[in-house]
Structures are given as structure tokens and as C-alpha cells.
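Notes follow the structure.
Sequential numbering from 1 along the given sequence is applied to the chain's residues.
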Amino acid sequence: MDISVVIPLYNEAESLPELFAWIRRVMKAHHFSYEVIFINDGSTDESWNVIERLAAEHENIKGIKFRRNYGKSPALYCGFKQAKGEVVITMDADLQDSPDEIPALYKMIKEEGYDLVSGYKQKRYDPLSKTIPTKLFNATARTISGIKNLHDFNCGLKAYRLEVVKNIEVYGEMHRYIPYLAKEAGFTKIGEKVVHHQARKYGTTKFGINRFFNGYLDLITLWFLTNFGKKPMHVFGLLGSFVFFIGLLALLWLIGEKVINLANGIYGDLLADHASFYIALTAMILGTQLFLAGFIGDMISRNSSNRNEYLIEKEINVEC
């Protein structure tokens, strides 16, 4: 099979027939063998009934229905598990992504050798309240991920080699960082294609401003897990040691100063009367706690069942 189209959706009953008809026209025009996988993420409208009706008429449609709304990442995860096409295309169900982009995306994967191609909605039909935070978010994501050539991490329209989606785990709200996940899994040939962005035809957006705040928190989590997930002692131990020794040096300075004053017959105040004494002690306690957190994290990591699970691309004469 040439292409699997994975479409997560929530309350998009009006757009589904038009979207599938559009995909079908494009696939037929380019002689692609294909499947369309709809993941109904707990819709409360007639979305699932529409999917059932379309599936009864077309055998290349698959449908997955969640009992409740889990989010886009779980929907993509389940869609990726079912995908069988050599190239996997993801797109939103609201008709803002154009199926006419599919042939060019397919060509970039199959002929130009990309592992992943992300769409770039250079000209958007979104309000400023959405576009400005998006630009700030993407700038931060480029800096932290090291993927400098992507301008739109969160674009729903993407293309992947099948091997990519089978070797990454999309969870929580990590769908925004699939290029980052792919890069950390060893799929480094990541490209971008300017795609057409259309104004929403039916319904309203399902995403609020809170997604940007959640996005930054997820980005920090992903950065930490990819850099220190298997070696937490490297960050907590280093930070804890630094804080501890700063506190220790401050305490030794205070004690030394007190000893010198006593030697000169200057008694002055007790050490315990100085706020700096307690600040130094607090720093030592915090440093010790950070160090222990890193130690405990390291012990948990070493005893984890997947501590030695690594993605292997090829093997020669190896028995498993």
C-alpha cells in the first residue's frame, strides 16, 4: 500500500464527507493505493455515524472510536499503530489542510529520501491571538530541539516514512513535537514544505489559549527526558553539588570570620543571629536534597525494565 492517511477528529461531522471525497479524488488522479484512518476522539455530534456510513460505502476506510475525549496525541498513537502504507500522512479533519498537498509530500518521502516532512502554513487564516503565540512557540521549539529548518512544528499536515511512526511514541500532548521525537529516535532527515492553509469552513476551533502554556511545559519535559531521562544524576547531581558547595563556602566564611574576631577579642553577635547563616544552611540542605533526587532517579533508571531498549535499524547475522 502506498499511503495511509491518519485523521484525528473531534466534532467534525459536517466536514468528513467532503474531506474524504477530496482525498479520494486526489488518490485516484495519482493512482495511489491508500487507506484513510479516522480516529473519533470522543465526539458528541454525528461524526461516528458519518464514519460508519462512509466505511460501509468504501472498503479503504478504517475507523477508531474513543469512549471519551483523550486528545490529539492518543488519537495519532492509535492511528499510527493501524497504519500500513509506505508513507503515512496526517491531517486535520476541519478542511484547513488541503489533500492536494499529498502527492508532493509523498514524493519528498519516497524520491527525495526524507524521513519526515512537516507542512508550513506560511499564510494563515487565523486570528492574531493565535498566530502571534504560534510564532513565539515555534521559535522556542526550534531553539530547544535543534531542528532549525522547521517553522511550524504544530502543523497537522505531515508526511512520514512508515518506519518513523512505528518507532516513536506519541503520548500526552506530544503531537506538537513529533519532529523532535523523530530526531531523538534517529530519524534526522527532516524537511519542510510550504502548504496551503484554508479558512475553516464548518464549526469552530477546538483549541484554546491554554494549549500554548501546556506546549511549553511539554517541551521542557521532552527536553529533560531526551537529555537526562536515562542519566538524571547528571543534572540533579551537578546542580545539587553546586548549591551545596556554595552554601558550604558561605558557612565556612562565616565561621572563619567569627574565629578571627574571637582571636582579636571581638565577640560580637552569635552566628545564629545572622540571616546569612540560615541561608547558607538552607543552601546545603537543598543541595543535598537535589543530589539525593538525582541518585534516586539514577537508581530507578538503572532498574527500569526498558533501561537498555535502543532503536536498532539493521542487524547482520545476529540471533535474538
Is it the case that atom CZ in R142 sees more than 12 heavy atoms from other parts of the structure closer than 6.0 Å?
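Yes.
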Take atom NZ in K28; do more than 12 heavy atoms of anything else shown fall under 6.0 Å from it?
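Result for NZ/K28: open.
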Just checking Y106 against F32, ring centres under 6.0 Å apart?
yes
Atom of [X], atom of [Y] and distance for their closest heavy-atom approach:
X    : Y    : answer
S118 : L150 : CB-CD2, 4.1 Å
D92  : L19  : O-CD2, 4.1 Å
G191 : N149 : CA-ND2, 4.0 Å
A182 : V164 : CB-CG1, 4.0 Å
G287 : V243 : N-CG1, 3.9 Å
G113 : K189 : O-CD, 3.2 Å

N-O pairing of K193 and E101 below 4.0 Å
yes
Check whether any side-chain heavy atom of [X] sits under 4.5 Å from a side-chain heavy atom of [Y], and report yes or no.
X    : Y    : result
F187 : R161 : yes
Y160 : I178 : yes
E18  : L95  : yes
S241 : F291 : yes
E46  : E14  : no
I3   : M27  : yes
K183 : I147 : yes
F66  : P74  : yes

Passes side chain to side chain donor-acceptor pair (under 3.5 Å), D2 versus S33? Steps please.
CA-CA 5 Å; D2 296 322; S33 57; 3.3 Å; yes
Using the side-chain contact (heavy atoms from CB on, under 4.5 Å) rule, take V50 and F38 through it: C-alpha gap first, then chi angles, then the decisive distance, then the call.
CA-CA 11 Å; V50 174; F38 289 110; over 6 Å; no
Answer with yes or no whether the hydrophobic clustering places [X] together with [Y]; edges join I, L, V, M, F, W, Y residues whose side-chain heavy atoms lie under 4.5 Å apart.
X    : Y    : value
I109 : V26  : yes
L249 : L254 : no
L252 : F277 : yes
L248 : V259 : yes

Passing option when N40 is tested against D45, N11, L9, I7 for side-chain contact (heavy atoms from CB on, under 4.5 Å):
L9
Qualifying residues under ring pair (Phe, Tyr, Trp, His ring centres under 6.0 Å), relative to F245, sequence neighbours excluded
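Testing F245 for ring pair (Phe, Tyr, Trp, His ring centres under 6.0 Å), a comparison that skips the adjacent residues, returns none.
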With side-chain contact (heavy atoms from CB on, under 4.5 Å) as the test, would you mind laying out the steps for I61 and E35 before giving the verdict?
CA-CA 6 Å; I61 288 181; E35 63 181 359; over 6 Å; no
side-chain contact (heavy atoms from CB on, under 4.5 Å) between R176 and F153, worked out
CA-CA 6 Å; R176 303 179 181 92; F153 277 73; 5.7 Å; no
Evaluate the criterion side-chain contact (heavy atoms from CB on, under 4.5 Å) for residue pair V195 and K121; output intermediate values, then yes/no.
CA-CA 5 Å; V195 296; K121 297 173 182 177; 4.0 Å; yes
Exercise answer: donor-acceptor pairs, residues 75-91 side-chain atoms, under 3.5 Å, sequence neighbours excluded:
residue: E86; atom: OE1; partner: K110; partner atom: NZ; Å: 2.5
residue: T90; atom: OG1; partner: G156; partner atom: O; Å: 2.9

For N69 and Y10, run side chain to side chain donor-acceptor pair (under 3.5 Å): C-alpha distance rounded to whole Å, both residues' side-chain angles, the deciding distance at 0.1 Å, then the answer.
CA-CA 8 Å; N69 180 249; Y10 178 70; 5.4 Å; no
